[in-house]
Amino acid sequence: MCPSRERLSTMLKLQLSLLAFLFLLVVSLGDASLLRTRRLSPSTEETVETYNKYYSYVELTERLQSLARKYPHIANLSSIGQSVEGRELWAMRITSDPSTDTPGKPKFKYVGNMHGDETVSRQVLVYLVEYLLAKYGEEPRITELVNSTDIYIMPSMNPDGFERSIEGDCSGDNGGRNNARNVDLNRSFPDQYDGTATNPEKIPEVMAVIRWIREKKFVLSGNLHGGTVVASYPFDDSASHQRQGQYSQSADDILFRFLALTYSQNHPVMKTGQPNCPDAMDETFKDGITNGAQWYDVPGGMQDYNYLFGNCLEITVELSCCKYPFASELHKEWNMNRESLLTYMEKIHIGARGYVKDNISGAALTNVSIVVEGIRHNLTTGKYGEYYRLLLPGTYNITAVAPGYAPMTVHGVQVMEGKATELNFTLTPLVTDTAGSITVSTSSTVIPSEENKNSPSLPLPEHHAIQPQEFRHHNYADMELFLRKYSSEFPSIAHLISIGSSVEGRELYVMVISDSPMVHEHGEPEFKYVANMHGNEVVGRELLLNLIEYLCRNYGTDPEVTELVNNTRIHIMPSMNPDGYEVATEGDVKGYKGRNNSNNFDLNRNFPDQFITITEPRQPETIAVMNWLKSTPFVLSANLHGGSLVVNYPYDDDKDGLNKYSQSPDDKVFQQVSRAYSQENPLMHNGRPCEDLYPSENFKDGITNGASWYNVPGGMQDWNYLNTNCFEVTIELGCVKYPLAKDLPDYWEHNRRALLQFLHQVHTGVKGTVSDSSDGTGIPNATISVAEIDHNITTAHTGDYWRLLTPGIYYITASAHGYAPVATYAPVSEDKVVVVDFRLERLHSDTNGQAPPLSEKELRDLIKDLSLGQGLDELVKSSATENNFRYRPYKELSEFLRGLTLNFPNITLLHSLGQSAEYRTILALEISNKPRESEPSKPKIRFVAGIHGNAPVGTELLLEFAALLCINYGKNPAITRVSFRTRIFIIPSINPDGRERAVEKQCNSTKGFANINGIDLDTDFFGMLSQPETRAMMDLILDKGYTLSVALDGGFLVVTYPYDKPVQSVENEGTLKYLAGVYASNHPKMHLGVTGCSNNGQSNIPDGVMRAAERKSHMGSMKDFSMDFGHCPEITVYTGCCLFPPADQLATIWAENKKALLSMLVEVHKGVRGVVTDKSGKPVVGAIIVLNGGVRVFTQEGGFFHALLAPGIHNIEAVADGYQEQRQEVVVSNYEAATSIAIVLDMDNNIFGLPREFVVASAAASMTALVVTACIIWCVCAAKSNHQKDGFHRLRQHRDEYDDEIRLASMGSKKSLLAHEFQDESESDEETLYANKI
C-alpha cells in the first residue's frame, strides 16, 4: 500500500531536492562551458550553439548575421567578395568599436575552409566567433584580447566547395576541395619562385583575399585546414620544388617555429607529434610542427603570399586527420583547439611596435620600411604611420627608412617576453646636405684601427679653449634646434639620437660625442651625463648644452678635449623631463612647479628599488632611460640636479627607510669619483652650500652618501649601479633650482672644470678584454669579479670591460659559462687605467644539454671549482683549524655543542631529538645562515655518528667538522657560501649510553656496541616498539626533507650503500654507488680498496665501495629506513679497522676524512632540483617525484624538491592527486650544480579514470532516470490513494485492490502486511510511518 498523498509528496520532494543537488554537484565537476544553460528570449534562441551539426551556406549566413545584430558594439559582419557561384565570403570583425578603424590595434585574421571538403575549421571558427562575443566583458582575458586587437574571422573561403562536399568523407574522395571552377585555391597565389599562371577570373576567392590582405595590412594570421594534425610554417615551397624533404627557410624562421609551437603545444594531440592518421600511421612531426616545403612542396600557397607580399606572418594549421568528420566530432575538435586558437592570437602583441612620423610637421608617414638588422625581411607602416614587428625576446637594431627622409636607426632595442616594446621613429626630411640622420646607436662589433685612436696631429702648443658665448634658458624648441645644429655642424664627432619620448611626445634627445659617435668602439668606455630629471631644476640642462658646444668647438685644437673625445664615447642628455621644464618658472628657488612629469610622477622615485616595491606606474621617460642603459655598456654617469651644492653617491635609501649611511660595496670608488667633481668646484668642496636656505646642511668635502642625507627610494643612481655596469652619482649644482638667465655664466665657470674632471674618472681602475683562448674571439657577458668587493660587472658585446677601482692591489677573476675561470692580481694606480686581459679556456664537456640552474652564479661557479681540479684540496688547506683531539664523554660532548651555539649564535641551533634509555639527550646541531627559518629550497644534509657506542671515532670527527664549519664561516669564502646555501644537521652520538661504557684502545670489543637494553640500534628501525634512541632518529628521518645522509661507523675501511637487508636488486643503485664512490675517492686510502683489516675476511673491495648487505646483511637498519621511509639516500662510512683506536690517532683519521666530508657538502648541491606548481603558479606540496620509474621523493613546502642522481641522463615524473602526470628528461653532470627544472601540472580531466565529459553525461543520465522513476511511483501511488483509506474494515471492502497492490509492491514483506492489516485508525502518522519501516 502506498503512503498517503501528502506524506508521499513530502518524501518525494525531499528526494527530488537531494537528487537535484547531487546532479548539480556532479555537473559542476565537468566543463561548465559545455553544459551551461543560457537564458534566452525566443528571439535569440537561434544563437544557442549545439555543436552537433554543420552549417550550410544559408545557415552560416543567418548565424553570423544574428551574432552581428546581437553584439553590435564589438562585432561587424562584412563580405570581402564573392565565390564563383556568387556566395559571399563572410568575415566577422571583432573588436571594440568595430565600425571605425582605430590606430594602435594590430590586425589579426583566421581563414578556414579554404579547401571546401576540409570542414572542421569552418565550424571551429564559428564557435570561436561565438566564444569571443559571449565571453567579452565576462572573462578578462577575452576582454583584453578584443579591446587590444582588430580580429577578423573568415569561416569559409571556399563556400562553393563546401556545398559539394559530403559529411564522413575523410580522404576527400568525393570532391569539394577545389572551387567551383575546379581550381585549388591554395596553389593559386603569386609564388616567389614561379609567379602565378592561374587566370584571375577562375579564382575570384583568391583575388578577393589578396585585395583584403593588401588593404588591411594584417600582422598575424592562421590558415586552418584538415587532413592531419600539425602546424606548418613558411616557406611552403623551394626553388627546386623538390617534392619532399627540402627545408625552405624564411628570414623569420625562428619566429615562425615559435608561432607554430605556440599553436601545437596547446593542442593535446598536435603537441605529441603523432597524429596517428589511418592513412599515414607512420607520419610524425617533431613537436607537432613542420616546415612546409620539408613536408611537401606547395607552390602558390597563401601563407607564403602573406609573408612575402603583405605585412603578415601566417602559419597553416591542419586540425584533424579526417577532412570532413561526422558532426558528432565537432564538439571534441572545438575543445581541443580552443586554447591554441586563443594563445596564438595573443602572440600578435609580441615584438616591437610604434609609429613613424615627420620630424617637422608631425604627420604620420605611411609605407615606411621597418628594417631589423640581421633579418632580411621588412615590413611597412600603415595609414596612421603605425607598425607592428613581431620579434622574439632579444636585442635588435631597428631602422625606419623612407624615400626623401634621413633614415633613423635604433640600436640595442630590448624586446622582452610579453607585450611589445614601444619604439617610435621621427624621420627628418632631406632638405639640405647638412641634415643628418637621427640614429640611436649602442653596442656594435666595429673595431677601429689603431691609427683612428690617435689624437689629431699638430695640436696648438699654446691654446686657450673656446668658451660658450651664449647663455640663456633654452625651451624645448630652442634646445632641439641647438642639438640639431651641432649634430649637423660637427657630424664627424657629434651624433644626435632620441631614446624615446616624454608623456607629451617630446623627444628625449641624447647627443653622442666621440671620434666614432655612431658605434661602440672596442676598448672605449661609454660615459653619460643626464640632466633636468626634475623639470624645474634647470642648471644641468644649460650646463650640458654648454658642454656640447665646448667639446665640439675645441675638438682637434684643445689637447684635453681631443683626448677625451677620441678615447671616450660621451652621451649627453640635456633634458630627461622636457614636459616638466615647459611649465617651470624662471626664478623658482625651491619650488615644485614642473618638478614632476606630465603625469605628475617624480621620475627620481620611479625606478625599481632594491628595498621597497615602487607601486607607481613606470613612466615613459623612466622606461626609455632603462632601455637605453640596458642597451649600452655605460661605465660612469652623473645625474645633474639642483637645490643644493653637493655630490651625492649610492645608496640613496636603506632597508629601514631611515636617514642613515647606506653603504654600497663600491663605497670607496663612489667617494673617489664624487671628490673628483667636488674638488674642482670652488664652492662645492667647502661643504657649506646654502647657508641662507638650509643653515644646518654641512657636507664634508662637498660629498654625501645619499641615504645619509635623506632617503630616496626608486632613485635612478641606485638602479644604474644595481642593474647595469654603470656607476652613477647625483650632482646638485646650486641652491637655486631655476636661476635667472643672467647667472648662467657663473654656473658654467664654477662647473666646467668639474664636468671635465669627472669625465676623466671613466679612465681609472682596470680595463681589458676577455677572449676565447682557442680563437681569440671576445666573450660577451663574461663576469669580472673583484675579491672582497661584492659587485660584479660583465663584458660588452665584443668582450671588453671596464672596472672602476681605487688605487691598490686587487685579485680579479674573469669567468664565463662554459669556460674555466682565470684570476690574477692587478695593481691599480691613481693616474691611469691598468689593462688586464683574460684568455679563457673552454670546457668542452660543459653543456651536455642541461637546463640553466636557478641558483646564484657564485654557487654554480663554486660547485664547479670545488668539483674540478684541485678545488677541494685548496679548500682543505685554506680551512685548517687548530685542534687538540681527544675522546669526549657525554657531558663534555654536550658542553662542546652548546659552546658552538653560544659562540656562533647566528648560524647554529641546537635541537633535542629525544632521550636515550638512560635519559641522556640525543642532540642535533643545525648549521645554516638562517637556522631558525624553514628554507625548503635549500638542500638538507644529515651527518650521523655513534649508533654503535663502541665506535666513537665518527663522533669526534663530526664534532671537529662542526667546529671547522663554524670557525671558517665568514672567513673562508667557499665554506661561507656552501654553508649559506645548505642546511646541515650534525648528530654526533645516537647511542650515548653505549659510548659511556665503551673502552678506549679496544679495537674489537663489543662493550658499548648496543644500548643499555642490549639492543643493536642498527637493527631496531621498525616502529613504535623500537628503542627510545631509535624512535628519536626515526622522527628526524621522517621529516622527509633530507637530500643526503652520511653515517659514520667503525671496524672496517669501506663505504657502504643501501640496502642492509638482503634484496635481489636495488633501485637507483647507480646513484647510491656513485655517492659512496665520491666519499671513497676523496679518502687517501679507502678508494684503493685494500682494507688492511685483519679482523675482517674481506680485504679487497673495488674502489672501497660495496653494497651494505654484501658486508653483513640484517634487517631494521637506519640506512634502509632512511631510504624506504625518509626517501633520502644514506651511505655508511667505516672510518677504520679499529673500533676504538687510541686518541693520538684521531688527528690522522681526521686528516684522512676531512676532504671526503667536505665533498659531501659539495655533492648535496648536485643532481636535480626544482619546483612543482599548478598552472596558476601555486606550489604543489606532497607531489611525488619519481626518478627513473622507481625511487620517489616528495615536494616540500613551496613545491620544492631536490634529488641526487648519478651523472647521466635521467627521466623525471611528477605525480600528484588531481593532476596529470608530467615527464621530463634531465642531464646530470658530475661537476655542475643541480640541474634546475620547473614542473607545471595540469588538472586531471578524468573522474574515476574516465573522461570528465563521459562521467558528467553518465551522471546526468542516471539522475534523469531516477527522477523519472520517482515520478512514476508517485503517480501510481497517488492514483491508488483515491480508492483506499486506513483501517481494517477498508481492507475487507477493497480486498481486490489490496491484492493488486500486493502484487505491485514487490518489496512488501509478510511482516509489513500484517502491520498494515491490524493498524488502528487512532494511530498517529508517526506511528504509522514507524510501522511501515519495521
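Bear in mind that the values here come from a model prediction, so they are computed numbers and not experimental data. Every heavy atom of this structure was used, including side-chain atoms; hydrogens, water molecules and symmetry mates were not.
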Judged by modelled atom types alone, do [X] and [Y] share a side-chain donor-acceptor pair under 3.5 Å?
X: S631; Y: Q414; answer: no
X: E732; Y: S644; answer: no
X: D478; Y: H473; answer: no
X: E524; Y: S514; answer: yes
X: S598; Y: E504; answer: yes
X: N720; Y: K528; answer: yes

With sequence neighbours left out, write down each residue that passes ring-ring contact (aromatic ring centres under 6.0 Å, His included) with [X], or none if nothing qualifies.
X: F490; answer: Y486
X: H760; answer: none
X: H750; answer: none
X: Y801; answer: none

Exercise. Would you find a donor on one side and an acceptor on the other, under 3.5 Å apart, between the side chain of R569 and the backbone of P517?
Worked result: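 Side chain of R569 to backbone of P517: a pair is present.
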
Exercise. Quick one: does Y550's side chain have a donor or acceptor within less than 3.5 Å of a partner on V561's backbone?
Worked result: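 Not confirmed, Y550 side chain does not pair with V561 backbone.
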
Side chain to side chain contact (heavy atoms under 4.5 Å, CB included) against [X], all qualifying residues, sequence neighbours excluded:
X: D652; value: N648, V712, Q717, D718
X: V833; value: K767
X: N698; value: R688
X: E680; value: R753, A754, Q757

For this session: Please test Q467 against W748 for side chain to side chain donor-acceptor pair (under 3.5 Å), starting from the C-alpha separation and ending with a verdict.
Result: CA-CA 9 Å; Q467 300 297 327; W748 169 249; 2.9 Å; yes

When rounded to the nearest 0.5 angstrom, what distance separates [atom1] in [X] from [atom2] in [Y]?
X: Y738; Y: D588; atom1: OH; atom2: CG; value: 9.5 Å
X: M716; Y: N606; atom1: CE; atom2: CG; value: 11.5 Å
X: D515; Y: I493; atom1: CG; atom2: CD1; value: 9.0 Å

Exercise. Would K737 and E586 pass as an ion pair if we require N to O under 4.0 Å?
Worked result: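 No, K737 and E586 are not salt-bridged.
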
Exercise. Counting only heavy atoms not in I809, do more than 12 sit closer than 6.0 Å to its CD1 atom?
Worked result: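 No, not enclosed.
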
Problem set entry | Other residues, nucleotides, ligands: >12 heavy atoms within 6.0 Å of E470 CD |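 12 or below, so no.
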
Please tabulate, for the side chains in residues 702-711, all donor-acceptor contacts under 3.5 angstrom to protein atoms that are two or more places apart in sequence or on a different chain.
| residue | atom | partner | partner atom | Å |
| --- | --- | --- | --- | --- |
| N705 | OD1 | S662 | N | 3.0 |
| N705 | OD1 | A707 | N | 3.3 |
| N705 | OD1 | S708 | N | 3.1 |
| N705 | ND2 | P650 | O | 3.1 |
| N705 | ND2 | S662 | O | 2.9 |
| W709 | NE1 | E697 | OE2 | 3.1 |
| N711 | ND2 | D654 | OD1 | 3.2 |
| N711 | ND2 | L658 | O | 2.8 |

Side chains of residues 667-677: which donor-acceptor partners sit under 3.5 Å, not counting sequence neighbours?
| residue | atom | partner | partner atom | Å |
| --- | --- | --- | --- | --- |
| D667 | OD1 | Y661 | OH | 2.9 |
| D667 | OD2 | Y661 | OH | 3.0 |
| D667 | OD2 | Q671 | NE2 | 2.8 |
| Q671 | OE1 | R675 | NH1 | 3.3 |
| Q671 | OE1 | R675 | NH2 | 3.3 |
| Q671 | NE2 | Y661 | OH | 3.4 |
| S674 | OG | F670 | O | 2.7 |
| R675 | NE | D701 | OD2 | 3.2 |
| Y677 | OH | N751 | OD1 | 2.8 |

For this session: Decide yes or no on ring pair (Phe, Tyr, Trp, His ring centres under 6.0 Å) for H641 and H534, but give the supporting numbers first.
Result: CA-CA 7 Å; H641 282 246; H534 291 147; 4.8 Å; yes

Problem set entry | From CA spacing to verdict: ring pair (Phe, Tyr, Trp, His ring centres under 6.0 Å), Y721, F727 | CA-CA 5 Å; Y721 178 68; F727 289 51; 5.3 Å; yes

For this session: Could you list the residues that satisfy salt bridge (charged side-chain N to carboxylate O under 4.0 Å, His left out) with D837, not counting sequence neighbours?
Result: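 Here no residue qualifies.
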
For this session: Any salt bridge (Lys or Arg N to Asp or Glu O under 4.0 Å) involving residues 624-643? Give me the pairs, sequence neighbours left out, ordered by first then second residue.
Result: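 For residues 624-643: none.
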
